[in-house]
Student: 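After the C-alpha coordinates below, expect a handful of questions from me.
Sequence lines set the chain letters: A, B, ... in the order given, protein chains first and strands last, and positions in each chain run from 1.
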2 protein chains.
Amino acid sequence: MSPQEKEIYFNVAISTSLVLFGFDGDKLRILLKKHDKDPYRGAMLLPSQYVKYDEATDKVAKDLLLRHTKEINIYIEQLKAFSKVFRNPLGRVVNISYYGTVKLDDKLVKYSENRGEVWLEYSQIPDLAFDHNDIIDYAKERLKRRVKRRPIGFYLLPEYFTISQLQKLYENALNREMDKRNFRKKIFNSQLIIETELTDNSSSKKFARLYKFDEEKYEKLSLKGYDFLF
Amino acid sequence: MSPQEKEIYFNVAISTSLVLFGFDGDKLRILLKKHDKDPYRGAMLLPSQYVKYDEATDKVAKDLLLRHTKEINIYIEQLKAFSKVFRNPLGRVVNISYYGTVKLDDKLVKYSENRGEVWLEYSQIPDLAFDHNDIIDYAKERLKRRVKRRPIGFYLLPEYFTISQLQKLYENALNREMDKRNFRKKIFNSQLIIETELTDNSSSKKFARLYKFDEEKYEKLSLKGYDFLF
DNA sequence: CCAAAAGTGTTCGGAATACACCCATGA
DNA sequence: TCATGGGTGTATTCCGAACACTTTTGG
(Lines give C-alpha, C1' and ligand atoms only; values in the text may rest on other atoms or scores of the structure.)
Protein backbone atom coordinates (compact mmCIF):
# COMPACT_ATOMS: atom_id res chain seq x y z
CA MET A 1 0.00 0.00 0.00
CA SER A 2 1.43 3.37 -1.02
CA PRO A 3 1.64 6.33 1.37
CA GLN A 4 -1.15 8.01 -0.59
CA GLU A 5 -3.31 4.97 -0.21
CA LYS A 6 -2.55 4.87 3.47
CA GLU A 7 -3.82 8.45 3.72
CA ILE A 8 -7.03 7.40 2.08
CA TYR A 9 -7.67 4.30 4.07
CA PHE A 10 -6.30 5.01 7.55
CA ASN A 11 -8.82 7.71 8.18
CA VAL A 12 -11.57 6.00 10.12
CA ALA A 13 -12.34 5.83 13.83
CA ILE A 14 -13.70 2.91 15.84
CA SER A 15 -16.07 3.18 18.73
CA THR A 16 -17.60 0.51 20.90
CA SER A 17 -20.98 0.56 22.53
CA LEU A 18 -22.22 -1.76 25.20
CA VAL A 19 -25.79 -2.97 25.55
CA LEU A 20 -26.04 -3.98 29.19
CA PHE A 21 -29.09 -5.97 30.16
CA GLY A 22 -30.24 -6.04 33.75
CA PHE A 23 -33.25 -7.64 35.41
CA ASP A 24 -34.85 -6.10 38.47
CA GLY A 25 -36.96 -9.12 39.38
CA ASP A 26 -39.84 -7.94 37.27
CA LYS A 27 -38.63 -6.19 34.14
CA LEU A 28 -35.63 -6.39 31.89
CA ARG A 29 -33.78 -3.11 31.66
CA ILE A 30 -31.01 -1.56 29.61
CA LEU A 31 -28.40 0.90 30.86
CA LEU A 32 -28.41 4.29 29.16
CA LYS A 33 -26.71 7.57 29.81
CA LYS A 34 -27.16 11.21 28.86
CA HIS A 35 -24.70 12.42 26.29
CA ASP A 36 -22.73 15.37 27.66
CA LYS A 37 -20.82 16.31 24.53
CA ASP A 38 -21.61 17.42 21.04
CA PRO A 39 -22.91 16.03 18.82
CA TYR A 40 -26.31 15.09 20.20
CA ARG A 41 -25.72 16.82 23.55
CA GLY A 42 -28.54 15.89 25.88
CA ALA A 43 -29.69 12.85 23.98
CA MET A 44 -29.63 9.45 25.59
CA LEU A 45 -27.30 6.81 24.33
CA LEU A 46 -25.55 3.58 25.15
CA PRO A 47 -22.32 3.55 27.16
CA SER A 48 -19.78 4.08 24.41
CA GLN A 49 -16.15 4.85 23.86
CA TYR A 50 -13.74 5.55 21.04
CA VAL A 51 -11.01 3.00 20.46
CA LYS A 52 -7.41 4.07 20.08
CA TYR A 53 -5.50 2.59 17.17
CA ASP A 54 -3.53 0.29 19.44
CA GLU A 55 -6.39 -0.84 21.69
CA ALA A 56 -8.29 -4.08 21.30
CA THR A 57 -12.02 -3.46 20.97
CA ASP A 58 -12.72 -6.35 23.30
CA LYS A 59 -10.66 -4.64 25.94
CA VAL A 60 -12.40 -1.30 25.49
CA ALA A 61 -15.75 -3.03 25.83
CA LYS A 62 -14.54 -4.75 28.99
CA ASP A 63 -13.46 -1.34 30.32
CA LEU A 64 -16.90 0.05 29.64
CA LEU A 65 -18.36 -2.85 31.53
CA LEU A 66 -16.06 -2.33 34.48
CA ARG A 67 -16.70 1.40 34.64
CA HIS A 68 -20.43 0.95 34.58
CA THR A 69 -20.81 -2.00 36.90
CA LYS A 70 -17.60 -2.29 38.91
CA GLU A 71 -17.79 -5.92 37.85
CA ILE A 72 -15.10 -7.70 35.93
CA ASN A 73 -16.32 -11.29 35.65
CA ILE A 74 -19.21 -10.74 33.34
CA TYR A 75 -19.43 -12.37 29.98
CA ILE A 76 -19.71 -9.98 27.10
CA GLU A 77 -19.96 -10.80 23.45
CA GLN A 78 -19.60 -8.84 20.27
CA LEU A 79 -22.82 -8.19 18.38
CA LYS A 80 -21.53 -6.85 15.09
CA ALA A 81 -20.16 -3.73 13.44
CA PHE A 82 -22.53 -0.87 12.69
CA SER A 83 -20.92 0.95 9.87
CA LYS A 84 -23.25 3.20 7.97
CA VAL A 85 -21.28 6.08 6.47
CA PHE A 86 -23.08 8.93 8.16
CA ARG A 87 -23.82 7.53 11.55
CA ASN A 88 -21.54 10.04 13.29
CA PRO A 89 -21.19 13.69 12.22
CA LEU A 90 -17.57 13.87 13.38
CA GLY A 91 -16.41 11.70 10.55
CA ARG A 92 -16.40 8.07 9.59
CA VAL A 93 -16.87 6.12 12.78
CA VAL A 94 -17.52 2.42 12.76
CA ASN A 95 -19.20 1.16 15.87
CA ILE A 96 -18.41 -2.30 17.16
CA SER A 97 -21.11 -3.23 19.64
CA TYR A 98 -21.18 -5.66 22.51
CA TYR A 99 -23.78 -6.95 24.82
CA GLY A 100 -23.62 -8.28 28.35
CA THR A 101 -25.90 -9.36 31.15
CA VAL A 102 -25.60 -8.20 34.71
CA LYS A 103 -27.30 -8.79 38.04
CA LEU A 104 -29.24 -5.63 38.71
CA ASP A 105 -29.66 -4.83 42.38
CA ASP A 106 -30.44 -1.62 44.29
CA LYS A 107 -26.77 -0.96 44.86
CA LEU A 108 -26.04 -0.99 41.15
CA VAL A 109 -29.08 1.15 40.36
CA LYS A 110 -27.82 3.73 42.92
CA TYR A 111 -24.32 3.57 41.52
CA SER A 112 -25.63 4.19 38.02
CA GLU A 113 -27.83 7.04 39.21
CA ASN A 114 -24.86 8.74 40.81
CA ARG A 115 -23.11 8.55 37.47
CA GLY A 116 -26.08 10.15 35.77
CA GLU A 117 -27.15 6.90 34.16
CA VAL A 118 -30.44 5.07 34.18
CA TRP A 119 -31.72 1.56 33.72
CA LEU A 120 -34.62 1.94 31.33
CA GLU A 121 -37.30 -0.62 30.80
CA TYR A 122 -36.67 -2.98 27.93
CA SER A 123 -39.89 -2.15 26.17
CA GLN A 124 -39.68 1.60 26.66
CA ILE A 125 -36.46 2.74 25.10
CA PRO A 126 -36.76 6.29 23.71
CA ASP A 127 -35.14 7.63 20.57
CA LEU A 128 -31.41 7.58 21.11
CA ALA A 129 -28.41 9.37 19.67
CA PHE A 130 -26.58 8.00 16.64
CA ASP A 131 -27.94 4.63 15.54
CA HIS A 132 -28.12 3.24 19.03
CA ASN A 133 -31.73 2.15 18.65
CA ASP A 134 -30.62 -0.16 15.86
CA ILE A 135 -27.95 -1.56 18.11
CA ILE A 136 -30.44 -2.24 20.88
CA ASP A 137 -32.86 -3.93 18.49
CA TYR A 138 -30.09 -6.16 17.32
CA ALA A 139 -29.05 -6.91 20.90
CA LYS A 140 -32.59 -7.86 21.85
CA GLU A 141 -32.70 -10.40 19.05
CA ARG A 142 -29.39 -11.83 20.17
CA LEU A 143 -30.61 -12.08 23.74
CA LYS A 144 -33.73 -13.88 22.55
CA ARG A 145 -31.68 -16.47 20.79
CA ARG A 146 -29.17 -16.84 23.57
CA VAL A 147 -31.73 -17.24 26.26
CA LYS A 148 -33.08 -20.25 24.40
CA ARG A 149 -29.74 -21.95 24.04
CA ARG A 150 -27.80 -21.06 27.11
CA PRO A 151 -28.75 -20.56 30.70
CA ILE A 152 -27.95 -16.87 30.59
CA GLY A 153 -31.11 -16.17 32.49
CA PHE A 154 -29.17 -17.09 35.58
CA TYR A 155 -26.60 -14.41 34.99
CA LEU A 156 -29.35 -11.82 35.18
CA LEU A 157 -30.84 -13.09 38.41
CA PRO A 158 -29.56 -12.80 41.94
CA GLU A 159 -27.87 -15.88 43.37
CA TYR A 160 -31.13 -17.01 44.96
CA PHE A 161 -34.30 -16.60 42.95
CA THR A 162 -37.85 -17.89 42.73
CA ILE A 163 -39.24 -19.77 39.78
CA SER A 164 -41.65 -16.91 39.17
CA GLN A 165 -38.78 -14.49 38.79
CA LEU A 166 -37.08 -16.81 36.35
CA GLN A 167 -40.27 -17.16 34.39
CA LYS A 168 -40.82 -13.40 34.28
CA LEU A 169 -37.33 -13.01 32.95
CA TYR A 170 -37.96 -15.48 30.15
CA GLU A 171 -41.27 -13.87 29.35
CA ASN A 172 -39.56 -10.49 29.11
CA ALA A 173 -36.75 -11.72 26.93
CA LEU A 174 -38.87 -13.84 24.62
CA ASN A 175 -41.75 -11.39 24.66
CA ARG A 176 -44.51 -13.91 25.26
CA GLU A 177 -46.42 -15.38 28.17
CA MET A 178 -45.83 -18.89 29.34
CA ASP A 179 -47.76 -21.50 31.25
CA LYS A 180 -46.62 -21.80 34.84
CA ARG A 181 -46.84 -25.57 35.03
CA ASN A 182 -45.08 -26.19 31.76
CA PHE A 183 -42.40 -23.70 32.63
CA ARG A 184 -41.63 -25.42 35.91
CA LYS A 185 -41.59 -28.80 34.26
CA LYS A 186 -39.07 -27.65 31.73
CA ILE A 187 -36.83 -25.90 34.21
CA PHE A 188 -36.78 -28.78 36.68
CA ASN A 189 -36.19 -31.21 33.85
CA SER A 190 -33.07 -29.33 32.86
CA GLN A 191 -31.54 -30.37 36.19
CA LEU A 192 -29.72 -27.08 36.32
CA ILE A 193 -31.22 -25.52 39.39
CA ILE A 194 -30.78 -26.48 43.01
CA GLU A 195 -33.56 -26.21 45.53
CA THR A 196 -32.55 -24.37 48.70
CA GLU A 197 -34.05 -24.19 52.16
CA LEU A 198 -34.66 -20.47 51.72
CA THR A 199 -37.89 -18.73 50.94
CA ASP A 200 -38.94 -15.30 49.88
CA ASN A 201 -42.16 -13.49 50.56
CA SER A 202 -41.44 -10.08 49.13
CA SER A 203 -43.76 -10.46 46.17
CA SER A 204 -46.51 -12.61 47.58
CA LYS A 205 -48.29 -13.43 50.81
CA LYS A 206 -47.39 -17.07 50.53
CA PHE A 207 -43.70 -17.88 50.74
CA ALA A 208 -41.94 -18.80 47.55
CA ARG A 209 -39.06 -21.20 47.51
CA LEU A 210 -35.67 -19.92 46.44
CA TYR A 211 -33.45 -21.79 44.03
CA LYS A 212 -29.93 -21.36 42.75
CA PHE A 213 -28.23 -22.13 39.48
CA ASP A 214 -26.15 -25.31 39.43
CA GLU A 215 -23.17 -23.85 37.65
CA GLU A 216 -20.96 -26.86 38.24
CA LYS A 217 -23.43 -29.21 36.63
CA TYR A 218 -23.80 -26.88 33.71
CA GLU A 219 -20.04 -26.84 33.16
CA LYS A 220 -20.01 -30.62 33.13
CA LEU A 221 -22.91 -30.86 30.70
CA SER A 222 -21.38 -28.24 28.41
CA LEU A 223 -18.16 -30.18 28.27
CA LYS A 224 -20.04 -33.26 27.21
CA GLY A 225 -21.60 -31.23 24.42
CA TYR A 226 -25.05 -31.05 25.93
CA ASP A 227 -26.80 -27.81 25.58
CA PHE A 228 -29.38 -25.99 27.56
CA LEU A 229 -32.43 -25.71 25.40
CA PHE A 230 -35.41 -23.67 26.31
CA MET B 1 -13.49 16.07 20.00
CA SER B 2 -10.30 18.18 19.76
CA PRO B 3 -8.06 18.09 16.67
CA GLN B 4 -5.45 16.19 18.68
CA GLU B 5 -8.00 13.63 19.67
CA LYS B 6 -9.08 13.34 16.06
CA GLU B 7 -5.46 12.54 15.16
CA ILE B 8 -5.46 9.78 17.73
CA TYR B 9 -8.74 8.21 16.83
CA PHE B 10 -9.11 8.69 13.08
CA ASN B 11 -6.19 6.48 12.29
CA VAL B 12 -7.67 3.10 11.57
CA ALA B 13 -8.53 1.33 8.33
CA ILE B 14 -11.47 -0.92 7.55
CA SER B 15 -11.41 -3.93 5.33
CA THR B 16 -14.14 -6.34 4.39
CA SER B 17 -13.78 -10.00 3.60
CA LEU B 18 -16.34 -12.23 2.02
CA VAL B 19 -16.84 -15.89 2.82
CA LEU B 20 -18.60 -17.26 -0.24
CA PHE B 21 -20.08 -20.70 0.08
CA GLY B 22 -20.75 -22.78 -2.99
CA PHE B 23 -22.01 -26.32 -3.43
CA ASP B 24 -20.93 -28.45 -6.38
CA GLY B 25 -23.56 -31.16 -5.92
CA ASP B 26 -21.36 -33.16 -3.62
CA LYS B 27 -19.22 -30.91 -1.44
CA LEU B 28 -19.53 -27.47 0.04
CA ARG B 29 -16.73 -25.18 -1.06
CA ILE B 30 -15.36 -21.76 -0.19
CA LEU B 31 -13.86 -19.28 -2.63
CA LEU B 32 -10.23 -18.35 -1.99
CA LYS B 33 -7.60 -16.43 -3.89
CA LYS B 34 -3.85 -16.10 -3.87
CA HIS B 35 -2.61 -12.88 -2.36
CA ASP B 36 -0.54 -10.93 -4.88
CA LYS B 37 0.68 -8.13 -2.64
CA ASP B 38 2.69 -7.81 0.51
CA PRO B 39 2.18 -8.65 3.25
CA TYR B 40 1.66 -12.38 2.97
CA ARG B 41 2.42 -12.47 -0.76
CA GLY B 42 1.55 -15.91 -2.09
CA ALA B 43 -0.62 -16.94 0.80
CA MET B 44 -4.25 -17.81 0.21
CA LEU B 45 -6.96 -15.62 1.59
CA LEU B 46 -10.59 -14.63 1.33
CA PRO B 47 -11.73 -12.10 -1.25
CA SER B 48 -11.10 -8.87 0.59
CA GLN B 49 -10.99 -5.17 0.08
CA TYR B 50 -10.18 -2.01 1.98
CA VAL B 51 -13.02 0.40 2.62
CA LYS B 52 -12.64 4.08 1.85
CA TYR B 53 -13.75 6.49 4.55
CA ASP B 54 -16.89 7.40 2.62
CA GLU B 55 -17.92 3.92 1.50
CA ALA B 56 -20.52 1.76 3.17
CA THR B 57 -19.08 -1.60 4.15
CA ASP B 58 -22.22 -3.32 2.95
CA LYS B 59 -21.64 -1.83 -0.46
CA VAL B 60 -18.00 -2.89 -0.57
CA ALA B 61 -19.03 -6.41 0.33
CA LYS B 62 -21.65 -6.37 -2.42
CA ASP B 63 -18.95 -5.20 -4.85
CA LEU B 64 -16.76 -8.11 -3.82
CA LEU B 65 -19.65 -10.43 -4.46
CA LEU B 66 -20.31 -8.95 -7.88
CA ARG B 67 -16.68 -9.07 -8.93
CA HIS B 68 -16.32 -12.69 -7.90
CA THR B 69 -19.60 -14.08 -9.17
CA LYS B 70 -21.03 -11.60 -11.68
CA GLU B 71 -24.19 -12.02 -9.63
CA ILE B 72 -25.99 -9.20 -7.95
CA ASN B 73 -29.07 -10.75 -6.41
CA ILE B 74 -27.41 -12.83 -3.77
CA TYR B 75 -28.12 -12.36 -0.14
CA ILE B 76 -25.11 -11.52 1.96
CA GLU B 77 -25.01 -10.89 5.64
CA GLN B 78 -22.47 -9.40 7.99
CA LEU B 79 -20.74 -11.84 10.30
CA LYS B 80 -18.98 -9.55 12.72
CA ALA B 81 -15.93 -7.36 13.09
CA PHE B 82 -12.55 -9.00 13.54
CA SER B 83 -10.51 -6.43 15.33
CA LYS B 84 -7.47 -7.81 17.01
CA VAL B 85 -4.78 -5.13 17.18
CA PHE B 86 -2.07 -6.91 15.26
CA ARG B 87 -4.05 -8.74 12.62
CA ASN B 88 -2.51 -6.69 9.78
CA PRO B 89 1.14 -5.56 9.70
CA LEU B 90 0.29 -2.39 7.75
CA GLY B 91 -1.38 -0.81 10.73
CA ARG B 92 -4.61 -1.06 12.60
CA VAL B 93 -7.08 -2.65 10.27
CA VAL B 94 -10.47 -3.80 11.45
CA ASN B 95 -12.03 -6.40 9.26
CA ILE B 96 -15.79 -6.50 8.84
CA SER B 97 -16.68 -9.86 7.37
CA TYR B 98 -19.64 -11.05 5.38
CA TYR B 99 -20.87 -14.34 4.15
CA GLY B 100 -23.00 -15.34 1.21
CA THR B 101 -24.21 -18.42 -0.61
CA VAL B 102 -23.99 -18.93 -4.33
CA LYS B 103 -24.98 -21.54 -6.91
CA LEU B 104 -21.72 -23.13 -7.97
CA ASP B 105 -21.75 -24.41 -11.52
CA ASP B 106 -18.98 -25.22 -14.02
CA LYS B 107 -19.25 -21.78 -15.55
CA LEU B 108 -18.57 -20.08 -12.24
CA VAL B 109 -15.72 -22.45 -11.43
CA LYS B 110 -14.13 -21.60 -14.79
CA TYR B 111 -14.67 -17.89 -14.23
CA SER B 112 -13.00 -18.13 -10.85
CA GLU B 113 -10.11 -20.14 -12.26
CA ASN B 114 -9.48 -17.49 -14.90
CA ARG B 115 -9.25 -14.96 -12.14
CA GLY B 116 -6.70 -17.10 -10.30
CA GLU B 117 -9.20 -18.13 -7.66
CA VAL B 118 -10.24 -21.53 -6.42
CA TRP B 119 -13.21 -23.12 -4.74
CA LEU B 120 -11.69 -25.17 -1.96
CA GLU B 121 -13.43 -27.95 -0.16
CA TYR B 122 -15.14 -26.89 3.02
CA SER B 123 -13.28 -29.37 5.18
CA GLN B 124 -9.87 -28.78 3.63
CA ILE B 125 -9.10 -25.14 4.04
CA PRO B 126 -5.34 -24.54 4.44
CA ASP B 127 -3.66 -21.95 6.65
CA LEU B 128 -4.62 -18.56 5.31
CA ALA B 129 -3.20 -15.06 5.48
CA PHE B 130 -4.18 -12.69 8.28
CA ASP B 131 -6.84 -14.16 10.54
CA HIS B 132 -8.94 -15.47 7.71
CA ASN B 133 -9.11 -18.94 9.18
CA ASP B 134 -10.89 -17.46 12.18
CA ILE B 135 -13.32 -15.73 9.88
CA ILE B 136 -14.08 -18.94 8.04
CA ASP B 137 -14.62 -20.83 11.27
CA TYR B 138 -17.07 -18.20 12.35
CA ALA B 139 -18.83 -18.27 8.98
CA LYS B 140 -19.20 -22.04 9.15
CA GLU B 141 -20.93 -21.75 12.49
CA ARG B 142 -23.25 -19.11 11.13
CA LEU B 143 -24.07 -21.28 8.12
CA LYS B 144 -24.83 -24.18 10.42
CA ARG B 145 -27.32 -22.11 12.35
CA ARG B 146 -28.86 -20.52 9.29
CA VAL B 147 -29.31 -23.77 7.48
CA LYS B 148 -31.44 -24.97 10.35
CA ARG B 149 -33.67 -21.95 10.42
CA ARG B 150 -33.95 -20.81 6.87
CA PRO B 151 -34.12 -22.60 3.58
CA ILE B 152 -30.76 -21.27 2.45
CA GLY B 153 -29.90 -24.71 1.20
CA PHE B 154 -31.90 -23.84 -1.87
CA TYR B 155 -29.76 -20.84 -2.67
CA LEU B 156 -26.77 -23.14 -2.94
CA LEU B 157 -28.42 -25.62 -5.27
CA PRO B 158 -29.29 -25.31 -8.95
CA GLU B 159 -32.90 -24.55 -9.76
CA TYR B 160 -33.70 -28.24 -10.17
CA PHE B 161 -32.14 -30.65 -7.73
CA THR B 162 -32.55 -34.15 -6.36
CA ILE B 163 -33.33 -34.94 -2.75
CA SER B 164 -29.96 -36.68 -2.48
CA GLN B 165 -28.18 -33.49 -3.46
CA LEU B 166 -30.14 -31.54 -0.90
CA GLN B 167 -29.33 -34.09 1.75
CA LYS B 168 -25.64 -34.03 0.90
CA LEU B 169 -25.69 -30.30 1.25
CA TYR B 170 -27.24 -30.50 4.71
CA GLU B 171 -24.80 -33.20 5.72
CA ASN B 172 -21.92 -31.01 4.61
CA ALA B 173 -23.17 -27.92 6.37
CA LEU B 174 -24.16 -29.63 9.60
CA ASN B 175 -21.23 -32.00 9.50
CA ARG B 176 -23.15 -35.17 10.26
CA GLU B 177 -24.82 -37.98 8.39
CA MET B 178 -28.56 -38.26 8.17
CA ASP B 179 -31.06 -40.98 7.58
CA LYS B 180 -32.47 -40.91 4.07
CA ARG B 181 -36.03 -41.71 5.04
CA ASN B 182 -36.20 -39.22 7.89
CA PHE B 183 -34.62 -36.56 5.73
CA ARG B 184 -37.21 -36.99 2.99
CA LYS B 185 -40.01 -36.99 5.51
CA LYS B 186 -38.85 -33.72 6.97
CA ILE B 187 -38.27 -32.00 3.66
CA PHE B 188 -41.61 -33.06 2.19
CA ASN B 189 -43.34 -32.07 5.38
CA SER B 190 -41.99 -28.56 5.07
CA GLN B 191 -44.12 -28.16 1.92
CA LEU B 192 -41.42 -25.99 0.45
CA ILE B 193 -40.38 -28.04 -2.53
CA ILE B 194 -42.26 -28.75 -5.70
CA GLU B 195 -42.03 -32.05 -7.51
CA THR B 196 -41.29 -31.69 -11.21
CA GLU B 197 -41.63 -34.04 -14.14
CA LEU B 198 -37.89 -33.97 -14.68
CA THR B 199 -35.37 -36.58 -13.72
CA ASP B 200 -31.64 -36.82 -13.51
CA ASN B 201 -29.40 -39.81 -13.95
CA SER B 202 -25.99 -38.25 -13.78
CA SER B 203 -25.13 -39.72 -10.40
CA SER B 204 -26.95 -43.02 -10.47
CA LYS B 205 -28.18 -45.70 -12.83
CA LYS B 206 -31.71 -45.28 -11.69
CA PHE B 207 -33.30 -41.95 -12.48
CA ALA B 208 -33.75 -39.51 -9.66
CA ARG B 209 -36.62 -37.10 -9.56
CA LEU B 210 -35.85 -33.39 -9.70
CA TYR B 211 -37.50 -30.88 -7.41
CA LYS B 212 -37.51 -27.13 -7.13
CA PHE B 213 -37.81 -24.74 -4.26
CA ASP B 214 -41.25 -23.19 -3.75
CA GLU B 215 -40.05 -19.67 -3.18
CA GLU B 216 -43.53 -18.16 -3.34
CA LYS B 217 -44.83 -20.41 -0.62
CA TYR B 218 -41.85 -19.64 1.51
CA GLU B 219 -42.48 -15.91 1.17
CA LYS B 220 -46.05 -16.42 2.29
CA LEU B 221 -45.08 -18.54 5.25
CA SER B 222 -42.38 -16.09 6.31
CA LEU B 223 -44.87 -13.27 6.27
CA LYS B 224 -47.15 -15.21 8.57
CA GLY B 225 -44.22 -15.61 10.95
CA TYR B 226 -43.70 -19.27 10.26
CA ASP B 227 -40.17 -20.38 10.02
CA PHE B 228 -38.39 -23.11 8.22
CA LEU B 229 -36.99 -25.40 10.83
CA PHE B 230 -34.66 -28.20 10.09
C1' DC C 1 -26.27 -60.65 -12.73
C1' DC C 2 -24.57 -57.32 -9.81
C1' DA C 3 -23.26 -52.86 -8.05
C1' DA C 4 -25.05 -48.38 -6.93
C1' DA C 5 -28.17 -45.09 -5.87
C1' DA C 6 -33.44 -44.21 -5.56
C1' DG C 7 -37.23 -44.69 -3.11
C1' DT C 8 -40.50 -46.14 0.63
C1' DG C 9 -43.42 -46.99 6.39
C1' DT C 10 -43.72 -48.15 10.96
C1' DT C 11 -42.68 -48.06 15.70
C1' DC C 12 -41.21 -45.82 19.97
C1' DG C 13 -40.05 -42.44 23.28
C1' DG C 14 -39.70 -37.82 24.71
C1' DA C 15 -41.05 -33.09 24.51
C1' DA C 16 -44.40 -29.48 23.89
C1' DT C 17 -48.89 -27.89 24.75
C1' DA C 18 -53.34 -27.23 26.81
C1' DC C 19 -55.75 -26.98 30.74
C1' DA C 20 -57.96 -25.99 36.43
C1' DC C 21 -57.81 -26.25 41.03
C1' DC C 22 -56.10 -25.95 45.98
C1' DC C 23 -52.88 -23.60 49.35
C1' DA C 24 -51.00 -20.20 52.52
C1' DT C 25 -51.10 -15.81 54.06
C1' DG C 26 -51.34 -10.70 54.84
C1' DA C 27 -54.40 -7.19 54.55
C1' DT D 1 -62.93 -13.43 54.07
C1' DC D 2 -60.83 -12.42 50.15
C1' DA D 3 -57.28 -11.17 46.96
C1' DT D 4 -52.73 -12.52 45.59
C1' DG D 5 -49.32 -15.21 43.92
C1' DG D 6 -47.38 -20.24 44.94
C1' DG D 7 -47.66 -24.65 43.74
C1' DT D 8 -49.19 -29.11 41.48
C1' DG D 9 -50.74 -33.52 37.35
C1' DT D 10 -52.76 -35.48 33.25
C1' DA D 11 -54.00 -36.23 28.55
C1' DT D 12 -52.92 -35.34 23.79
C1' DT D 13 -50.32 -34.30 20.02
C1' DC D 14 -46.26 -33.86 17.44
C1' DC D 15 -41.55 -34.62 16.26
C1' DG D 16 -37.27 -36.96 15.93
C1' DA D 17 -34.80 -41.30 15.86
C1' DA D 18 -34.09 -45.93 14.68
C1' DC D 19 -34.39 -49.23 11.42
C1' DA D 20 -34.37 -52.76 6.14
C1' DC D 21 -35.93 -53.95 2.02
C1' DT D 22 -37.36 -53.39 -3.05
C1' DT D 23 -36.60 -51.05 -7.51
C1' DT D 24 -34.20 -49.62 -11.60
C1' DT D 25 -30.70 -49.87 -14.77
C1' DG D 26 -25.96 -49.31 -16.68
C1' DG D 27 -22.06 -51.92 -16.86
Student: Suppose we call a contact any N or O donor and acceptor under 3.5 Å apart; does that hold for the side chain of Lys205(B) and the base of dA6(C)?
Tutor: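 Under the 3.5 Å cut-off, the side chain and the base do not form any donor-acceptor pair.
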Student: Per the atom types in the model, does the base of dA24(C) pair as donor or acceptor with the side chain of Lys206(A) at under 3.5 Å?
Tutor: no
Student: Heavy-atom count check: over 12 atoms from other residues, nucleotides or ligands less than 6.0 Å from Glu177(A) CD?
Tutor: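 Not buried by this count: 12 neighbours or fewer within 6.0 Å.
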Student: Can a donor-acceptor pair be found, under 3.5 Å and without considering hydrogens, that links the side chain of Gln78(B) to the backbone of Ser97(B)?
Tutor: no
Student: Evaluate the side chain to side chain contact (heavy atoms under 4.5 Å, CB included) criterion for residues Tyr211(A) and Thr162(A): first the C-alpha distance (whole Å), next the side-chain angles of each, then the deciding distance (0.1 Å), finally the verdict.
Tutor: CA-CA 6 Å; Tyr211(A) 295 84; Thr162(A) 67; 5.9 Å; no
Student: When only distance counts, do a donor and an acceptor, one from the side chain of Lys185(A) and one from the base of dT8(D), lie under 3.5 Å apart?
Tutor: no
Student: Is any side-chain N or O of Ser164(A) closer than 4.0 Å to OP1 or OP2 of dG5(D)?
Tutor: no
Student: Does any donor-acceptor pair link the side chain of Asn189(A) with the base of dA15(C) at a separation under 3.5 Å?
Tutor: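 Check fails, no donor-acceptor contact within cut-off.
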Student: What about Asp179(A), does its side chain sit under 3.5 Å from the base of dC19(C) through a donor-acceptor pair?
Tutor: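 For Asp179(A), whose side chain was compared with the base of dC19(C), there is a donor-acceptor pair (under 3.5 Å).
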Student: Please give, in whole Å, the distance from dG5(D) P to Asn201(A) CG?
Tutor: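 Distance check: Asn201(A) CG to dG5(D) P gives 13 Å.
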Student: Mind telling me whether Phe21(B) and Tyr99(B) have parallel, tilted or perpendicular rings, with 30° and 60° as the class edges?
Tutor: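 Tyr99(B) vs Phe21(B) ring planes: perpendicular.
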Student: Does a nitrogen or oxygen in the side chain of Arg184(A) sit under 4.0 Å from OP1 or OP2 of dG7(D)?
Tutor: yes
Student: Closest nucleotide of DNA chain C for Phe207(A) versus for Arg181(B): which of these residues is on the 5' side?
Tutor: Arg181(B)
